[in-house]
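This report refers to the structure that appears directly beneath it.
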Amino acid sequence: MDLGLEYALPVLTDPMVIGLIVAGTVVGVVIGALPGLSSSMGVALLLPFSLYLEPIPAIALLSALYCAGTFGGSITAILINAPGAPPAVATAFDGYPMAVKGEAGRALGIAAVSSVSGGILSVIVLLFAAPLLARVAYSFGPPEYFALGVFALSMLASISGEAPLKNLIGGCLGLLIATVGIDLTTGVDRFTFGVPELYEGIQFIPVLIGLFAVTELLSQAQDLGRERIAVAVKALKLPSLDDFRRVRGAILRSSGIGIFVGVLPAEGSTMAAMIGYNEAKRWSKTPEEFGKGTIEGVAGPEAANNAATGGAMVPTLALGIPGSATAAVILGGLQVQGLRPGPYLFEEQPGLLYGIFFAMLLANVLFLFIGLAGAKVFSRISLVPRTFLWPTVFALCFVGAYGLNQSMVDVWIMIIAGLVGFVLKRNGFGPAPIIMGVVLGGLVETSLAQSMIIFEQQWTGFLASPIAMTFFALAVISLSGAQIRATLARLLSRGGRTA
Amino acid sequence: MKHHDTITGLVLLGLCAIGYWLTTDFGEVPAMLSQNVPPTFFPRLVLAVVAVLSLVLVATGIGREPEPSAPLPVAFWTTVAIIASAAVLTGLLGTLLTLGIIAVALPVAWGERRYGHIGALAVCLPAAIYLVFTLGLDVRFPAGRILDLLMQT
């Protein structure tokens, strides 16, 4: 198996790339540790500035931030019971009770070791699985890509499971945003309202920053009264050998779960962490201790949410289908850099791909040390007053939206996207599905248009492609998943009663 | 107050109708490209899907009460006004001065009263942005009409 070392070594011996990976890791842990700022938002905020770099250092920086940001959320989850990011919500269930009992250091140590284990295992899977999946994707034509896009959108029904219908609507709204501008196959302008700046379409970056960062800024503005109190971090210590023996099963199981959930289009770290927590509890010899401060309750979700990062990059790089919200942002970054994610990327830019793999690997090792050594500092950073943090974030949003095209229209788009995002969020629509729709919009529309030309405008042409039909079938299963689960549960409970 | 899903669904249906109406205004496709999929095809397909999903939202929302949520505080509306005015003020005062003003206005609107800290932020934030982006990355921010006028005089 070719590990691509001949491509990776020039990347990893470049001091600038190493420096950016270290910077991405530190910034990622800090952003992850700040309540309200997630790795998705961090990558979104950094994306416009990364465009000043060459593709390899830029994507290495974003990938490192993605991995470290996912871990950073656990610091505040444990120390102040305020998860820095949604994937760390499950970590707080047992991490904070441990901190209250005076075991903050032990909890952070378990979180770091579990995160690193999950992250490294997932990067190894990424290294082997992505090229294999890309090889399969060579046989994909427009009909298969359209069906894959439909499947990816259908998976929105199961992210943040509370509102599948709203997630699907959000995804469709994203697809509509992607239709703004001149239609490439006919040259007709759509939804531009005569604004010349919209002829090339709504720029991805301002929408992204608006939906993630400005929406969160407005959410913070409606919730100013909440105070956060940090638990003191006593001497930080790594898990003992006994601790490690206790959690190794949970780490391995949750890593597998995280990788699998991450590979599924649209699913991400949050769902992986919740499943990881539940499975850790189910397999535990002492499930009654969960919620009261047990190390397995920290190890399970932390291994799973970091394992999902590598998993999410598999479909992102091999197929051009994002595996999570943050992966969607990185995918958008690749597109803005003029790169075409998918199987041909492995041929055209092997250095970039192996650069990403090794950047993620290095970030995972780095945040073990940075996270543990700097946990006390990061716990203080998490207490930076919002009154100073968010004006700084807004300034970065403004500059990020403006900087790419040096156009105030992009700033207006960012502000409008933020306001719309807030209204939608207040009514139960999350930003991630909309971003997924925006990123997938071009692929879905183009592949559908090409398919219809191939099939001479006959929808029945899709029936001739077994791969496309498989993806459509998976989409139907995904859409009806909740219904199937409910029916199975009903049948099982009825069976149990009969027995 | 969070809106009832039925109302949300009805609003979305209305937006779908407006979206469909907008697609009727798309330009004519040149004859030589008419064998392609028309430009209205995909937006209308997506609008139809949103409309169907919105109908389901309307139906499932009937008889279900929304979770109550706190009314939006004054600080929220002040924040909206401040960030919207940032885009307007930039044209007049320029980006850096505007960001300095935002660095004062937002903390004050959010209840911060440590004026020394606010002043430091108002100076350091635009200065850092100027150093990193204008000097470092060569991003040219709008100087604003007032500064332009002063420069001319």
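Because only heavy atoms are used, hydrogens play no part in the values below, and waters and symmetry mates are left out as well, while side chains stay in. So you know, we letter chains A, B, ... as the sequences are listed, proteins then strands, and number each from 1. All figures in this text were calculated on a predicted structure; none of them were measured in a lab.
B:F141 touches chain A through backbone and side chain together, each having a heavy atom under 4.5 Å away. For B:I83, the parts sitting under 4.5 Å from any heavy atom of chain A are the backbone and the side chain alike. Only the side chain of A:T179 has a heavy atom closer than 4.5 Å to any heavy atom of chain B. Of the two parts of B:A128, neither the backbone nor the side chain holds a non-hydrogen atom closer than 4.5 Å to a non-hydrogen atom of chain A. Using a 4.5 Å cut-off between heavy atoms, A:L419 contacts chain B through its side chain alone, with no backbone atom that close. Neither the backbone nor the side chain of B:P126 comes within contact range of chain A; no heavy atom of the residue lies under 4.5 Å from a heavy atom of that chain. Interface remark: A:F398 contributes side-chain atoms only to the contact with chain B (heavy atom separation under 4.5 Å). In this structure, chain A has a heavy atom under 4.5 Å from the side chain of B:F133, while its backbone stays farther away. Proximity to chain A involves both the backbone and the side chain of B:V56, based on heavy atoms less than 4.5 angstrom apart. Using a 4.5 Å cut-off between heavy atoms, A:F388 touches chain B through backbone and side chain atoms alike. Of the atoms belonging to B:V88, heavy atoms from both backbone and side chain fall under 4.5 Å from chain A. Using a 4.5 Å cut-off between heavy atoms, B:P73 contacts chain A through its side chain alone, with no backbone atom that close. Of the two parts of A:Q457, only the side chain, counted from C-beta on, holds a non-hydrogen atom closer than 4.5 Å to a non-hydrogen atom of chain B. Heavy atoms of B:L125 lying under 4.5 Å from chain A belong exclusively to its side chain. At a 4.5 Å heavy-atom cutoff, the contact between B:L45 and chain A is made by side-chain atoms alone. Both the backbone and the side chain of A:L218 have a heavy atom closer than 4.5 Å to some heavy atom of chain B.
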side-chain contact (heavy atoms from CB on, under 4.5 Å) evaluation trace for A:Y52 with B:V139: CA-CA 10 Å; A:Y52 293 94; B:V139 176; 2.9 Å; yes
CA sep, side-chain torsions, deciding dist, call: B:L12, A:F429, side-chain contact (heavy atoms from CB on, under 4.5 Å): CA-CA 12 Å; B:L12 282 166; A:F429 297 84; 4.0 Å; yes
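Heavy atoms of other residues, nucleotides or ligands lying less than 6.0 angstrom from CD of A:Q406 number more than 12. Within 6.0 Å of CD1 on A:I453 lie more than 12 heavy atoms contributed by other residues, nucleotides or ligands. The number of heavy-atom neighbours closer than 6.0 Å to CZ of A:F455, taken from other residues, nucleotides and ligands shown, is above 12. More than 12 heavy atoms of other residues, nucleotides or ligands shown are found within 6.0 angstrom of CH2 on A:W459.
The nearest pair of heavy atoms linking A:F191 to B:F26 is N-CE2, 3.6 Å. Between B:V37 and A:T185, the shortest heavy-atom distance links the atoms O-OG1, 4.2 Å. Taking every heavy atom of both residues into account, A:P385 and B:E112 meet most closely at CB-OE1, 4.5 Å. In terms of heavy atoms, A:V188 sits closest to B:G27 at CG1-N, 3.5 Å.
Interface remark: of the candidates B:V108, B:L57, B:I102, B:V50, B:L57 forms the most heavy-atom pairs closer than 4.5 Å to chain A. The candidate from A:E456, A:Q450, A:M414, A:M408 with the greatest count of non-hydrogen atom pairs under 4.5 Å with chain B is A:M408. Taking chain A as the reference chain and counting heavy-atom pairs below 4.5 Å, the highest number among B:P107, B:P142, B:P39, B:A87 is found for B:P39. Among the candidates A:A178, A:A449, A:S219, A:P391, the residue making the largest number of heavy-atom pairs closer than 4.5 Å to chain B is A:P391.
For the atom pair NZ of A:K166 and CG of B:L53, the computed distance is 12.5 Å after rounding to the nearest 0.5 Å. Atoms CZ and CG, on B:F41 and A:L448 in that order, are 5.0 Å from each other to the nearest 0.5 Å. B:F76 CZ to A:L217 CG: the interatomic distance, rounded to the nearest 0.5 Å, is 9.5 Å. The CG atom of B:L72 sits 4.0 Å away from the CZ atom of A:R426 when rounded to the nearest 0.5 Å.
Within residues 113-122 of chain B, the residues having any heavy atom closer than 4.5 Å to a heavy atom of chain A are B:R114, B:H117, B:I118, B:L121, listed by residue number.
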